[in-house]
Every structure is written in structure tokens, then in C-alpha cells.
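FYI, side chains are in, hydrogens and waters are out, and symmetry mates aren't considered; it's all heavy atoms of this structure. Numbers for residues simply follow the sequence, beginning at 1.
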Amino acid sequence: MACTYADFILRYPEFAILPEARVQMFLDDAACDVDETKFKDCVGSRITCALAAHYSALAYQSANGNAGSVGQMLSKTVDKVSATYATPDANLSKGSNGYYMSTIYGQEYLSLLRRYCPGILTI
């Protein structure tokens with residue numbers, strides 16, 4: 001069972017602000033990247049939805065002036081503005097651990113992959 005737009009918005013309502021066509025594009029991309037036939041119906045759909053949410057989050061960040069992926073915020077200073085982010089992996093290219101760790105949705109994607117196909121995941 002593929003992740004539909006309705007399923008996606010139900011699971012991630014925060015992305016309802018994006019145009020449906022844009023979200024559908026990320027759903028299509030994620031569907032190409034995930035072979036759902038390797039999982040039970042519900043699991044493959046969840047993995048695809050999480051990956052599409054990751055793609056959507058990165059696009060939303062980019063559209064709002066943050067074109068780079070960042071890790072978890074470790075510290076911030078308000079006066080004289082400062083912020084420190086963790087870098088999960090120096091390699092933030094697509095497919096790297098750091099790339100997926102840059103959003104909570106990518107982290108969910110990795111978690112699902114590790115849970116349901118631990119023997120084939122190498123990042």
C-alpha cells in the first residue's frame with residue numbers, strides 16, 4: 001500500500017501548508033527510493049511517508065532561507081546571537097547518515113529501516 005497524499009497529511013499535518021503538487025512530487029520521489037515490496041504493507045508505506053517528509057522538510061527549510069542541512073541544536077546564546085549545531089556526519093550528501101539525521105523525519109526513516117531491515121542497511 002503506497003503512501004498517498006491523504007495518508008501523508010494525516011501522519012504529518014505540518015506539511016499541509018505546502019502545495020499538494022509539491023508534496024506529491026516528494027511522495028513520488030520517496031516511492032522511487034523505497035522498494036515497498038520488501039516490507040509489509042503498513043511498514044513500506046510508513047517508510048515512504050517518512051522519507052517524503054524528510055524531503056519536504058529540507059525543501060521547506062531551503063525555501064525559508066536555510067539551504068543547508070543542520071544537525072540538532074546543542075546550544076544557543078540570545079545576546080550577541082550565537083548557535084551551535086551538532087554535525088551527525090561530516091558527509092551530508094544524499095544517502096549519508098548525516099543527511100537523514102538532519103531532520104526528525106529522516107531520523108524516523110532511519111529508525112524504521114534499522115528496525116525492519118537491519119541486515120541490509122549500511123550508511
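- Sequence neighbours left out, the pairs with a member in residues 2-13 that pass side chain to side chain donor-acceptor pair (under 3.5 Å) are Thr4-Asp7, Tyr12-Glu108.
- Of the possible polar contacts, one joining the Ser56 side chain to the Ala52 backbone as a donor-acceptor pair under 3.5 Å is found.
- Tracing side-chain contacts under 4.5 Å through hydrophobic residues (I, L, V, M, F, W, Y), one reaches Ile104 starting from Leu27; they form part of the same cluster.
- Taking the six-membered ring for Trp and thresholds of 30 and 60 degrees, Tyr99 and His54 have ring planes more than 60 degrees apart, a perpendicular arrangement.
- Residues passing the salt bridge (Lys or Arg N to Asp or Glu O under 4.0 Å) test with Asp28: none are found, sequence neighbours excluded.
- Taking every heavy atom of both residues into account, Leu58 and Ser102 meet most closely at CD2-OG, 3.9 Å.
- When ring centroids are compared, Phe39 and Tyr116 stay outside the 6.0 Å threshold.
- Taking CD1 of Ile47 as the reference point, atom OG of Ser111 lies at 9.5 Å (rounded to 0.5 Å).
- With sequence neighbours excluded, the residues satisfying side chain to side chain contact (heavy atoms under 4.5 Å, CB included) with Ala31 are Thr48.
- With a 4.5 Å cut-off on side-chain heavy atoms, Val34 and Tyr109 count as touching.
- A distance of 10.0 Å separates CD of Gln24 from CG of Asp29, quoted to the nearest 0.5 Å.
- Between atom CG of residue Leu113 and atom NZ of residue Lys38 there is a gap of 12.5 Å, rounded to the nearest 0.5 Å.
- Residues in residues 13-33 take part in these ring pair (Phe, Tyr, Trp, His ring centres under 6.0 Å) pairs, two or more places apart or across chains: Phe8-Phe15, Phe15-Tyr105.
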- [ ] Kindly determine whether Val43 and Leu112 satisfy side-chain contact (heavy atoms from CB on, under 4.5 Å), including the steps that lead there.
- [x] CA-CA 8 Å; Val43 175; Leu112 288 166; 5.6 Å; no
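- In this view, Ala16 and Ile9 satisfy the side chain to side chain contact (heavy atoms under 4.5 Å, CB included) rule, not counting sequence neighbours.
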TODO: Please lay out, stage by stage, how Asp33 and Tyr55 fare under the test side chain to side chain donor-acceptor pair (under 3.5 Å).
DONE: CA-CA 11 Å; Asp33 292 342; Tyr55 293 158; 2.4 Å; yes
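- Here the closest non-hydrogen pair linking Ala2 and Glu36 is CA-OE1, 3.4 Å.
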